[in-house]
Amino acid sequence: TKIVTEPDAPLNAAQKAAEQRKVRAEARAKLAAVKAIQSCVRSKLTASKVREQQRTVFDKHMSDLIALTAILKRSSTQEYVPPPATVSIMTTQFLFFACPTTI
C-alpha cells in the first residue's frame, strides 16, 4: 500500500522533528557563512591597519636616515652607508607594506 499525505494534512511527530532539524541545519549553515565573511573582513581590515602602521614606522626611519646622512655629510667627506642590519629590517618592512599578500 502506498501512503499519500495531503499537503494540508497535519504532520506526524517524525515529520515535525525532521522539519525542525532541517530548519536548525539551515540556521547553522547561515551562521557559519556569516562568521566566515566577518572573519575575512576583520582580517583584511587588520592587515590594512598594520601595513599602514609599518609604513609610518618606515617613513620615520627613512627621514632619520636622511637627516643622519645630511649631518654626516657636513662633517665628513665619506658617504654614509647604513649598517646591513638596518637595511635588512627596512627592506623587510618595505616589502610587508608594499607587496601585500592575498588570500
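Computed over heavy atoms, backbone and side chain alike; hydrogens, waters and symmetry mates excluded.
Considering only heavy atoms from C-beta on, Phe58 comes within 4.5 Å of Met62 through its side chain.
Distance check, rounded to the nearest 0.5 Å: NE2 of His61 to OG1 of Thr56 gives 11.5 Å. For the atom pair Leu65 CG and Tyr80 OH, the distance stands at 5.5 Å (nearest 0.5 Å). Residue Arg55 holds its CZ atom at 7.0 Å from CZ of Phe94, rounded to the nearest 0.5 Å. Distance CG/Asp59 to CD/Gln93: 9.5 Å, rounded to 0.5 Å. Taking CD of Gln54 as the reference point, atom CZ of Arg51 lies at 11.0 Å (rounded to 0.5 Å). The CD atom of Glu79 sits 8.0 Å away from atom OG1 of Thr69, with the distance rounded to the nearest 0.5 Å.
In terms of heavy atoms, Gln15 sits closest to Asn12 at N-OD1, 2.8 Å.
The backbone N or O of Cys40 sits less than 3.5 Å from a side-chain atom of Ser43, completing a donor-acceptor pair. Side chain of Thr86 to main chain of Pro82: no donor-acceptor pair is present (N/O by atom type, distance under 3.5 Å, no hydrogens or angles). Looking at Thr46, its side chain does come within 3.5 Å of a backbone N or O of Arg42 through a donor-acceptor pair. For Ser48 (side chain) and Lys44 (main-chain N/O), no donor-acceptor pair under 3.5 Å exists by modelled atom type.
The hydrophobic cluster around Val50 extends to Phe96, counting ILVMFWY residues whose side-chain heavy atoms fall within less than 4.5 Å of a member.
Among the candidates Lys22, Glu26, Gln20, the single residue satisfying the side-chain contact (heavy atoms from CB on, under 4.5 Å) test with Arg24 is Gln20.
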